[in-house]
**Student:** 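Next up is a structure, given as C-alpha cells.
We use all heavy atoms of the structure for the numbers below, so side chains are in, but hydrogens, waters and symmetry mates are not. Per chain, numbering begins at 1; letters A, B, ... match sequence-line order. Just so you know, these numbers come straight off a predicted model, no measurement behind them.
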Amino acid sequence: MKAASYFFKTYKEVPREAQTPSHILMHRAGMIQKLSSGIYSYLPLALRSLKKIETIIREELDSRGCQEVLMPAVQPGELWEESGRWNYYGPELLRFKDRKNADYCLGPTHEEVITDMVRRNLTSYKQLPLNLYQIQTKFRDEIRPRFGLMRGREFIMKDAYSFDVNEDDAKKSYKIMYDAYNAVFKRCGLEFRAVDAATGAIGGDMSHEFQVLAETGEDEILSCGSCSYSANVEKAVSGKVVEKPLKSGSKDISEVHTPGMKTVEEVASFLSLDPSMLIKTLIYLVDDKPVAVLVRGNCEANESKIQAFLGANAVAPADEETVKRVTGAEVGFAGPRGLKEGIAILVDKQIYGDTGYACGANKTDYHLTGIDPENDIKADKNGDFTFALEGDPCPHCGGTLKKFRGIEVGQVFYLGTKYSSPMKCIFIDNEGKEQTAVMGCYGIGVSRTMAAAIEQNHDDMGIIWPAAIAPFEVIVIPIQGGNDLVENTAENIYSELKKSGVDVILDDRNLRAGVKFNDADLVGYPVQIICGSRLVEQGLVEIKVRKTGEKSEVKIEEAPEVIKEMLLAL
RNA sequence: CGGGCUGUAGCGCAGUUGGUAGCGCGCUUGGUUCGGGACCAAGAGGCCGCCGGUUCGAAUCCGGCCAGCCCGACCA
C-alpha cells in the first residue's frame, strides 16, 4: 500500500468528547469516525487491525473444532418471548416494529438465535459436542456510551456457543474455550489476566473474564502475587480467616441517643468506637423484596456477591420509603434488631470476629451498643457479602492480593440449560431418552480488543501496536522527495518486503520529513525504515523501532532480512 | 433518570453594551524551502443546533425543543 493514495488523514486536534487515549489516538490517526453517539465507522487502518484480530480468533477457534456461522443482526421478538428475555432484558435491547407491527430487536447477543438454529438440526447425541461461533456487529443501547470504541452502542463481537450432552462435557468445552482465549490474547501481544468473574443473573460458579491490564480500565481486579488466582473485585474472595472471640460479649445492650447521626463516621466518633466496630445495616431490594444485609462499618457491601448468594436476578439499594417502612425509622438508623417481620437478615461473616458492636436501633436518633452478633442478632444466613481488599491474603495460597485495573475484552460462561430448556433444544441420548443440551457462551469484544490494545500500548507520540495486530507492520519513509536515488531505494525495499509477505506501507506522500515522522509515530507502525539522501548515498538506511525508539543503520540490501527478523521479536 | 456544561467553517476555538461573523489547524493555487508537524502570497469554505418570540435589526436577549459531553445512578 502506498500512503499517498491511502484513505487516511491524521489530525493534530481531537473532538472535544474524546477523553481516553484509545479514542483520541484512533481519531487522530484517522482510524475511526463517529457517526452517532456510540456508533463509529472503521476506516481502512482500523479495519486492517480488526481483521488481524479476527484472523487470530478464527485460527484459534477453528483449530479447536469450532465452526463459524453468521446469524442475523435483526431478531424477531417472539424468540425472545420464548426464552423469557423479551420483558426481562432492559432498555439496552433496542426494540422496534416492522410494517406489520411485529416486534423485532437488534441483537445484543445471540443465545436465542443460536439455540433456535441448533434445535432445528439437533436430534441425536451423536451430533454433539458442537461449538458454533460468529463474528458480527452487535447493538446494545447503552445508557451512556463513552470512550469511543471502549463502550460503544454498536460494536464487533465474536460470540461462540457450545452444546454438550451433559454438564461434564460442557465443562470440557468451557475449558477448551478458556484455553483458546488465553491463546488469542497472547497472540495479540497483550498483557492480560483471566479472572474469576461474577455470573450475575445466570447463577452458577463458572465464568472467567479476560481483562487487558490498563490504567484506564473500567474494571478492578485482584490478582495474587504468588499464584495464579485472579478475580474481578465483584467476585474476589479474601483469604482472611475470621476467628470467633473467646468470650461472648456483654449482655447489656443499651440504647444511646445519637441525634442526627446517620453516617458510620459520625456514630463511631460520637461513641469513641473504631468504624469497624459498627454494624452497618443496609436494606436492599432483592427481586423487589426487602432484605437486610449487615456488614462491618469499615466494609463495603458487595451487591454482586449478595445477588449470587441469593440466586437473585436483581439487587438494588432500597428506596427511602422502603427503608422507613421496614425499619420504622428515618434512613440512617437501621439495625438488625426489631426490623419488620419477614425481612431476611444476611450477616457478613467478618462480623462474627468481634463482640461489643454498635448498630442502629430502628428508632430515629438512637443506636444500640454492646451487641454480641452471636447472641443478639437473628441471622437468617451468613456469608461473604463484602469486597476483598488489596493487601488481603489470597484465598488459595495465602499470598498477597494486588489490585489492577482492567478492560474486559472477553468472557467465558457456563450456561447450563438456561436457554436450551425453555427453548426445547433437545436430543435423544444413547439410551433413547430425551435430554436437554447443556450450553456455554463465550464472547470476545473484537473492536474493544483493538481499543484496549491502544489503551495499554501508547505514549505521548501515539500508538505503539503489538506487531501481530498493527494495521501495517512496517512503514518505509523516503525523505527529500525528488531525489531519485532515495525514492528508488525506498520503492525497492518496499517491493522486496511486500514480496516476502511483510505487511508494509510506503509513505510516498510529498510531505516534509517531520510530518511523516510524526504520522508514523502516531499511527504506531512497529518498524519504520527511513531513507534519507545522506545515508542512502552511503548505501545505508535507518531502521527505527517504534516501541523502544531505538535506531540503527543497516545496509540497503540487508534491510529486508533485518526487518523480518525484527518483526519476529515484536 | 438526577446534577453540571456545550452547540459558531472538516477539527479546535473567539465573538464586547444587539448593527448581519472571525482566529488557529486543515484544504486549493503559485513560489521559496525540505532529517522531527516550514515560510510568503493569493483563495475556497458558515441555515451561528432547530422552532418560535422581543426588536428597525438577533450568533448575541427571552421561551420551547433537539443533540453532544462530563459526574453519578445503571450495566445477563
**Student:** Can you figure out which of B:A76, B:G37, B:G68 approaches the side chain of A:T10 most closely?
**Tutor:** B:G37
**Student:** Taking atom P of B:A76 as reference, at what distance in whole Å does atom NE2 of A:H110 sit?
**Tutor:**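 Going from A:H110 (NE2) to B:A76 (P), I get 19 Å.
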**Student:** How close do A:V237 and A:K305 get, heavy atom to heavy atom, and via which atoms?
**Tutor:**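 Taking every non-hydrogen atom into account, CA-NZ, 4.3 Å.
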**Student:** In this structure, how many angstroms lie between the P atom of B:C74 and the OH atom of A:Y89, rounded?
**Tutor:**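 Atom-to-atom, A:Y89 to B:C74, this comes out as 17 Å.
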**Student:** Going by purine N1 to pyrimidine N3 plus the second Watson-Crick contact, or the G-U wobble pair, all under 3.5 Å, which nucleotide sits opposite B:G22?
**Tutor:** B:C13
**Student:** Just call it for A:R144: base, sugar-phosphate, or nothing, with non-hydrogen atoms closer than 4.0 Å on any strand.
**Tutor:** base
**Student:** Is the aromatic ring of A:F413 within stacking range of B:A76, meaning centres under 5.5 angstrom and planes under 30 degrees?
**Tutor:**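 So A:F413 counts as stacking on the base.
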**Student:** Going by the side chain to side chain donor-acceptor pair (under 3.5 Å) test, name the single residue among A:E111, A:E82, A:E112, A:R85 that passes it with A:Y419.
**Tutor:** A:R85
**Student:** Side chains of A:E17 and A:H23: any donor to acceptor distance under 3.5 Å?
**Tutor:** no
**Student:** Just to be sure I understand the rule, does A:D519 reach a base, reach only the sugar-phosphate, or reach nothing, if contact means heavy atoms closer than 4.0 Å?
**Tutor:** base
**Student:** For RNA chain B, whose closest nucleotide is more 5', that of A:K418 or that of A:K9?
**Tutor:** A:K9
**Student:** Distance criterion of 3.5 Å, no angle test: do you see the side chain of A:E13 paired donor-to-acceptor with the base of B:G24?
**Tutor:**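 Indeed there is one.
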**Student:** If you check the A:R16 side chain, which of B:G37, B:G26, B:U6 turns out closest?
**Tutor:** B:U6
**Student:** Just by distance, with hydrogens left out, do A:N492 and A:T489 show a side-chain donor and acceptor under 3.5 Å apart?
**Tutor:**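 Looking only at side-chain atoms, A:T489 and A:N492 do not form any donor-acceptor pair under 3.5 Å.
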**Student:** So, under a plain 3.5 Å distance rule, would you say the side chain of A:R28 forms a donor-acceptor pair with the base of B:G12?
**Tutor:**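 Absent.
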**Student:** Do any side-chain nitrogens or oxygens of A:K516 fall under 4.0 Å of OP1 or OP2 in B:G35?
**Tutor:** no
**Student:** Would you tell me if any nitrogen or oxygen in the side chain of A:S37 comes within less than 4.0 Å of OP1 or OP2 on B:C69?
**Tutor:** yes
**Student:** Can you figure out which of B:C70, B:G37, B:C34 approaches the side chain of A:Q19 most closely?
**Tutor:** B:C70
